[in-house]
Amino acid sequence: METVNILGVHVNKYTMQEAVAKASEMIETDGLSMIFTPNSEIILYASNNPEFTDVINSADMVIPDGIGVVYGAKILKNPIKERVAGYDLVCNLFPIMAEKGQSVYLLGAKPGVAEKAAETLLEKHPGLVIAGTHDGYFKDDEEVIADINKCAPDFLMVCLGFPKQENWIYNNREKLNAKLAIGAGGCLDVFAGTVQRAPEFYCKHGIEWLYRLVKQPSRFVRMLALPKFGLKVLFKGRKYK
Ligand code: UDP
């Protein structure tokens with residue numbers, strides 16, 4: 001599969017449709033597959049943390065979660081066909097999973113959020129099986145892994161924010177009894193309705209970041225990663241092979 005090397009991170013050049021088909025295939029394949037969903041902030045962080053770059057690159061699929069990544073690829077003259085946000089990927093995967101009666105385990109966010117997300121998902125996709133839920137503020141990894149393994153989900157959503165979620169999946173990949181795990185950031189908050197996703201207009205025009213900035217001004221410092229990422233790709237991007 002074709003990739004583009006953005007500051008050391010190998011991003012797959014799948015369209016949304018291809019990514020969904022691939023993810024669905026992974027759910028039917030034995031052993032744990034991993035999907036990571038870097039945006040520009042995550043790639044910038046990875047470019048300063050080589051071990052984390054290796055974690056991301058160990059995934060079976062790395063999708064461009066943010067519009068910054070799509071522009072980064074364009075700057076490098078190795079364009080990505082479209083943005084494939086983790087949230088949209090799972091939203092497209094759930095109807096297929098529901099039809100097949102496959103199961104998902106929701107791990108992450110504040111207590112109560114994963115349960116609320118589960119309710120919303122069940123309303124929307126009655127055939128989907130919620131294998132289990134757990135909040136993201138736990139101390140004992142082994143206890144959580146035991147619960148996941150007892151439920152043996154087809155799909156495991158790990159929403160602990162980066163780099164925690166990627167490291168958690170990577171470090172426990174050999175212990176987890178699931179077919180596919182994804183690091184999916186704030187997805188559970190959006191399903192539960194505690195955080196609003198930007199309206200389609202913003203996503204379509206590549207200004208989702210603007211919506212999030214207005215809604216959550218506390219993210220301002222984090223969002224400075226976007227221009228820093230752009231400049232680094234522009235001036236140093238070609239050095240990465
Ligand atoms: N979170 C968690 N455990 C932690 C730290 C964070 O479950 O130890 C959750 C947090 O409650 C939120 C999600 O991880 O639901 C991260 O959200 P954020 O908006 O930062 O995600 P991103 O912007 O990285 O997609």
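When a residue number appears, it is its place in the shown sequence, counting from 1. Since this is a predicted model, take the numbers as computed values, not measurements. All ligand and atom numbering here is 1-based and tracks the order in the structure.
- Under the 4.5 Å side-chain criterion, counting only non-hydrogen atoms from C-beta, I6 is in contact with V69.
- Among residues at least two apart or in separate chains, ring pair (Phe, Tyr, Trp, His ring centres under 6.0 Å) pairs with a member in residues 17-50 are Y45-F52, Y45-F162.
- Each of N5, V233, L76 was compared with R238 under the side chain to side chain contact (heavy atoms under 4.5 Å, CB included) criterion, and only L76 meets it.
- Each of G108, A109, K110, G136, Y137, C159, L160, G161, K164, G185, G186, D189, R212, R219, R222 has a non-hydrogen atom positioned under 4.0 Å from some atom of ligand 1.
- Between the side chain of E115 and the backbone N or O of T133, no donor-acceptor pair lies under 3.5 Å.
- The aromatic rings of H134 and F138 lie perpendicular to each other, with more than 60° between the two planes, well past the 30° mark.
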- Quick one: do N12 and T3 satisfy side-chain hydrogen bond (donor to acceptor under 3.5 Å, both in side chains)? Show the steps, please. CA-CA 4 Å; N12 288 120; T3 58; 5.8 Å; no
